[in-house]
There are 2 protein chains.
Amino acid sequence: MPEAMYWRIAQDLRKEIESGKLAPGAQLATELELRERYRASRNTVRDAVKWLVNRGLVETRPGQGTFVVEKIEPFVTTLSADPETGLGGGEGMAALAEVTAQGRKAEASTPLVEIQKAGTPLAELLQIQEGTQVVSRHQKRYIDGTPWSMQTSYYPMELVLRGAQKLIEATDIPEGTVRYLADTLGIRQVGCRDRIMVRPPNEGEVTFFRLPDNGRVAVVVISRTGYAADGTPFRTTFSVFPVDRNQFVINVGEVPDRPAVPT
Amino acid sequence: MPEAMYWRIAQDLRKEIESGKLAPGAQLATELELRERYRASRNTVRDAVKWLVNRGLVETRPGQGTFVVEKIEPFVTTLSADPETGLGGGEGMAALAEVTAQGRKAEASTPLVEIQKAGTPLAELLQIQEGTQVVSRHQKRYIDGTPWSMQTSYYPMELVLRGAQKLIEATDIPEGTVRYLADTLGIRQVGCRDRIMVRPPNEGEVTFFRLPDNGRVAVVVISRTGYAADGTPFRTTFSVFPVDRNQFVINVGEVPDRPAVPT
DNA sequence: GCAAATTTGTTCGTATGTATT
DNA sequence: CAATACATACGAACAAATTTG
């Protein structure tokens with residue numbers, strides 16, 4: 001009972017890729033060559049190639065050919081946060097420090113500061129009225145020159161009025177905003193809650209991260225909400241990472257140091 | 001500069017879906033109807049529909065039609081672990097308790113116990129020689145009847161020889177294996193390290209979780225390695241969750257209780 | 001710099017098979 | 001069994017992107 005021909009062709013090529021016979025970066029036979037090799041019409045071999053493209057095994061470049069996708073060396077981010085100092089998870093300066101510690105070069109764009117009204121999800125996280133004014137601080141991060149993460153932090157506007165002026169300055173806050181708020185307003189972060197979810201990328205994420213335009217590569221969104229001593233949330237940070245180049249580690253209790261090596 | 005016709009048709013349908021004009025579960029016009037509506041050939045409207053299928057917006061059922069995919073109510077798992085008692089993160093009985101607490105019905109298959117040789121990644125995590133014998137305990141979990149996660153825990157065979165007989169019995173260990181090992185062998189878990197990654201599902205995962213066969217829905221793999229007081233790892237658990245129905249929460253420090261509501 | 005050759009992208013027409021109602 | 005709807009396959013033509021001579 002033969003399966004569909006395009007399927008058999010696709011499986012044949014898949015095996016060649018997975019066995020390494022077709023190495024990452026290598027060019028596949030052209031559609032015309034495949035047409036002859038499998039004695040099928042061009043549209044049928046194109047269906048087979050589409051099957052591979054949709055699974056992220058190959059990519060086609062008009063005018064050039066079809067190529068086996070290169071695999072990306074994943075970067076490992078430690079999410080474990082010190083509830084006091086602020087955090088350690090892909091946030092602020094701590095993020096950069098972790099990158100350089102792994103022998104890679106980290107860069108970050110200057111913060112983009114905006115005043116916005118809180119939408120439903122944010123208002124819920126910060127336990128404020130929908131439509132309340134919030135400060136948004138946005139940064140893009142790069143590792144070895146490739147886009148690595150986008151981060152947006154939200155603070156109730158009230159904090160600025162109470163004296164945290166630096167929040168609305170488009171400059172890095174070297175000591176970290178959590179530390180800054182503790183020093184300036186005496187708001188200590190006694191705990192935080194991370195929420196992790198995975199979803200398809202939106203248009204802006206596709207272009208910034210240079211993801212395939214078929215939406216195959218998802219993004220991880222980590223929202224971290226910081227809580228003050230009285231139990232009220234006072235800031236939330238959303239970090240967006242493409243799943244094809246990122247892994248995460250959480251340490252609890254006493255764990256030995258170890259270079260985080262991807263699997 | 002008109003884009004390709006299949007693209008315009010796809011965008012048109014996408015907008016109808018995203019605006020809610022085509023509700024989840026609703027049936028799209030048939031290919032023949034779309035052919036008339038857009039004055040394109042059937043192959044062209046099929047290309048448009050394929051574009052939507054590859055993004056997971058619709059699904060086609062031979063003999064029936066094309067339907068807008070239903071969105072799934074995500075389940076929230078708390079990963080925060082107590083380094084002592086064991087854990088809280090989607091593991092063992094604790095997992096079941098969290099599910100029922102959210103007013104859902106949890107089930108788990110009886111454990112499948114196997115003796116295996118450790119492969120490279122596992123040997124690295126457990127810091128043992130590659131090829132060393134390990135006990136593997138595998139379980140599948142369901143929430144409200146739908147497949148939710150697959151979990152496989154690995155223990156060095158040595159633990160069984162030292163007296164932890166229950167590890168190789170195909171029965172639930174109600175108090176949890178971490179507690180059991182502490183009671184039986186005096187091995188206390190003083191810390192653990194979680195590693196989170198996202199990858200496409202393999203064949204077994206596609207069939208168990210009933211994922212679309214185009215590999216669009218990725219899975220989250222969380223490996224949790226437990227460390228004893230002397231700093232050596234003594235167990236690793238791999239948990240696999242489909243990303244379309246799961247979110248995760250990590251609490252650090254003092255955070256207020258709050259019903260975990262998906263965004 | 002340009003034209004030709006190569007390679008993938010889009011569109012149509014047509015025929016037949018398979019699954020469901 | 002018949003009607004309906006999607007799945008597979010072939011052939012053909014032209015367009016667009018890229019490389020090559």
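Scope of the values below: all heavy atoms of this structure, side chains included, with no hydrogens, waters or symmetry mates.
- The interatomic distance linking Trp7(B) (CH2) with dT11(C) (C1') rounds to 17 Å, in whole Å.
- At whole-Å resolution of the value, CD1 in Ile9(A) and P in dT8(D) are 12 Å apart.
- Atom-to-atom, CZ of Arg8(A) to C1' of dT8(D) comes out at 12 Å; the value is rounded to the nearest Å.
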Would you sort out whether Tyr154(A) and Phe238(A) count as a side-chain contact (heavy atoms from CB on, under 4.5 Å), showing the intermediate values? CA-CA 8 Å; Tyr154(A) 298 93; Phe238(A) 290 89; 3.6 Å; yes
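- Distance NZ (Lys50(A)) to P (dT8(D)): 11 Å, rounded to an integer number of Å.
- Met5(B) has its CE atom 14 Å from the P atom of dA16(D), to the nearest Å.
- By the 4.0 Å N-to-carboxylate-O rule, Arg199(B) lies close enough to Glu205(B) to be salt-bridged with it.
- Here the C1' atom of nucleotide dC6(D) and the CG atom of Leu34(B) are 12 Å apart, to the nearest Å.
- Rounded to an integer number of Å, the gap from Asn214(B) CG to dC6(D) P is 18 Å.
- At a threshold of 4.0 Å, the pair Asp194(B)-Arg224(B) counts as salt-bridged, since one of the basic side-chain nitrogens sits closer than that to a carboxylate oxygen.
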Using atom names, set out every protein N or O paired with an N or O of nucleotides 6-9 of chain C below 3.5 Å, distance rounded to 0.1 Å.
| residue | atom | partner | partner atom | Å |
| --- | --- | --- | --- | --- |
| dT7(C) | O2 | Gly63(A) | N | 3.4 |
| dT8(C) | OP2 | Glu31(A) | N | 3.0 |
| dG9(C) | OP1 | Thr60(A) | OG1 | 2.8 |
| dG9(C) | OP2 | Arg46(A) | NH1 | 3.0 |
| dG9(C) | N7 | Arg42(A) | NH2 | 2.8 |
| dG9(C) | O6 | Arg42(A) | NH1 | 2.9 |

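- Put simply, the residue from Arg137(A), Lys140(A), Arg141(A), His138(A) that forms a side chain to side chain contact (heavy atoms under 4.5 Å, CB included) with Gln151(A) is Arg141(A).
- Asn43(B) has its CG atom 12 Å from the C1' atom of dC6(D), to the nearest Å.
- By the 4.0 Å N-to-carboxylate-O rule, Arg35(B) lies too far from Glu33(B) to be salt-bridged with it.
- Both tests hold for Arg61(B) against Phe67(B): distance to the six-membered ring centre under 6.0 Å, angle to the ring axis within 45°.
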